[in-house]
Protein chains: 2
Amino acid sequence: MSEPKDYLGHFEEIVLLAVMRLAENAYGAKIRQTVSEATERDVSIGAVYATLDRLERKGYLKSWQGEATPERGGRAKRYFRVEGAGVQALNDTNGARNRLARGLDFGLDVA
Amino acid sequence: MSEPKDYLGHFEEIVLLAVMRLAENAYGAKIRQTVSEATERDVSIGAVYATLDRLERKGYLKSWQGEATPERGGRAKRYFRVEGAGVQALNDTNGARNRLARGLDFGLDVA
DNA sequence: TTTATATGTTCTACATTCTAGTATATGGAA
DNA sequence: TTCCATATACTAGAATGTAGAACATATAAA
């Protein structure tokens, strides 16, 4: 019953959370923007897609083709959704961290 | 006023937390054990030292020579302590994650 | 009916981090 | 003086992080 858990890298975790948060609206460009805001950093679009692709390959999320933006047109969007295994990985990653951080007082905002 | 923040890798974060938690007793072998328990995984000692060295190079922690184990002897320990910059990095890393996870309901244990 | 432009994705390459494994050092005990 | 337990240092390859340029395409404008 105890497979060695699978942990996410830092950026993988951030991207996966962004996809979750964006829900119905999770596609590359938007994900990039969300990640950029949360990290307060410029994040290249290539970095985001490379990570999305890896996460999909691992079965943590799934993607499918959508439509282009109605008004302005342009290339069609590729939407993403987090799969159960992704939620699991998110929880495992968080679990290990929490076991260590629990009770530690260094101003960690947990809110 | 806003330097681009510096984020920790997954394992770096884990190791840094372990050093904090171990306080006066933070040296390689013990850190490895603590990390191994928290992650429920076999962690090689080489992985731990490589990460400790990197963290020290970045100024996130500091190390100094201690004594050998009184009873059994053996090589002297190298103790580690987290520096202010390390706490800062821990908080920044956590901050970005929290901005994304806040309000998201997927069973994340925050306790 | 071309051309421009905004929107969005794919590809490629390199840097950094992760990780295991092996070698090395050293103090006390036999 | 050899052995053993305790610990750290080194090396190399795999995985992850990251940027940038190239490519694709639907509408609007000329």
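Because the structure is a prediction, the values reported are computed rather than measured. Sequence lines set the chain letters: A, B, ... in the order given, protein chains first and strands last, and positions in each chain run from 1. Both backbone and side-chain heavy atoms feed into the values below; hydrogens, waters and symmetry mates do not.
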Length of the line joining [X]:[atom1] and [N]:[atom2], which is rounded to integer Å:
X: A/Arg57; N: D/dT16; atom1: CZ; atom2: C1'; value: 11 Å
X: B/Glu67; N: D/dA7; atom1: CD; atom2: C1'; value: 14 Å
X: A/Asp6; N: D/dA15; atom1: CG; atom2: P; value: 12 Å
X: B/Asp53; N: C/dT19; atom1: CG; atom2: C1'; value: 14 Å
X: A/Tyr7; N: C/dT19; atom1: OH; atom2: C1'; value: 15 Å
X: A/Ile14; N: D/dT16; atom1: CD1; atom2: C1'; value: 14 Å
X: A/Leu52; N: D/dT18; atom1: CG; atom2: C1'; value: 14 Å
X: B/Glu56; N: C/dT17; atom1: CD; atom2: P; value: 15 Å

**Item:** Beyond-backbone contact of B/Glu12 with B/Val15, side-chain heavy atoms, under 4.5 angstrom
**Value:** no

Looking across every strand, which nucleic acid part, if any, lies under 4.0 Å from [X] by heavy atom: base, sugar-phosphate, or nothing?
X: A/Lys30; answer: nothing
X: B/Gly46; answer: base
X: A/Arg41; answer: sugar-phosphate
X: A/Asp42; answer: sugar-phosphate
X: A/Ala76; answer: sugar-phosphate

**Message:** Within the 3.5 Å criterion, strictly below it, is a donor on A/Lys5 or A/Thr93 matched to an acceptor on the partner's side chain?
**Reply:**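 No, A/Thr93 and A/Lys5 have no side-chain donor paired with an acceptor closer than 3.5 Å.
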
**Message:** Here's a test of your reading of the structure: between B/Thr69 and B/Ala50, which maps to the more 5' nucleotide of DNA chain D?
**Reply:**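 Its nearest nucleotide lies further toward 5', so the answer is B/Thr69.
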
**Asked** If you find the nucleotide of DNA chain D closest to B/Ala47 and the one closest to B/Tyr27, which residue's nucleotide is nearer the 5' end?
**Response** B/Tyr27

With a cut-off of less than 4.0 Å, is there a side-chain N or O of [X] near OP1 or OP2 of [N]?
X: B/Lys58; N: C/dT16; result: no
X: B/Thr51; N: C/dT19; result: no
X: B/Arg78; N: D/dA9; result: yes
X: A/Arg72; N: D/dT25; result: no

**Prompt:** C/dG8 base to A/Arg32 side chain: any donor-acceptor pair below 3.5 Å?
**Reply:** no

Return the nearest nucleotide to the side chain of [X]; candidates are [options].
X: A/Ser44; options: C/dT19, D/dA7, D/dT18; value: D/dT18
X: B/Glu12; options: D/dA7, C/dT19, C/dT17; value: C/dT17
X: A/Arg75; options: C/dC18, C/dT10, D/dT16; value: C/dT10
X: B/Ile45; options: C/dT17, C/dG8, C/dT22; value: C/dT22

**Request:** Report the C-alpha distance between B/Arg78 and B/Glu56 in whole Å, list the side-chain angles of each, state the deciding distance to 0.1 Å, and finish with yes or no for salt bridge (Lys or Arg N to Asp or Glu O under 4.0 Å).
**Result:** CA-CA 12 Å; B/Arg78 180 177 159 209; B/Glu56 181 164 36; 2.8 Å; yes

**Message:** Any salt bridge linking A/Lys58 with A/Asp53? Criterion: basic side-chain nitrogen under 4.0 Å from a carboxylate oxygen.
**Reply:**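 Not counted as a salt bridge, because no side-chain N and carboxylate O are separated by less than 4.0 Å.
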
**Request:** For the pair A/Lys77 and A/Glu67, find out whether any cationic side-chain nitrogen is under 4.0 Å from an anionic carboxylate oxygen.
**Result:**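 Salt bridge between A/Lys77 and A/Glu67, a charged N being under 4.0 Å from a carboxylate O: no.
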
**Asked** Hey, is CD on B/Gln65 packed in by over 12 heavy atoms from elsewhere, all under 6.0 Å?
**Response** yes

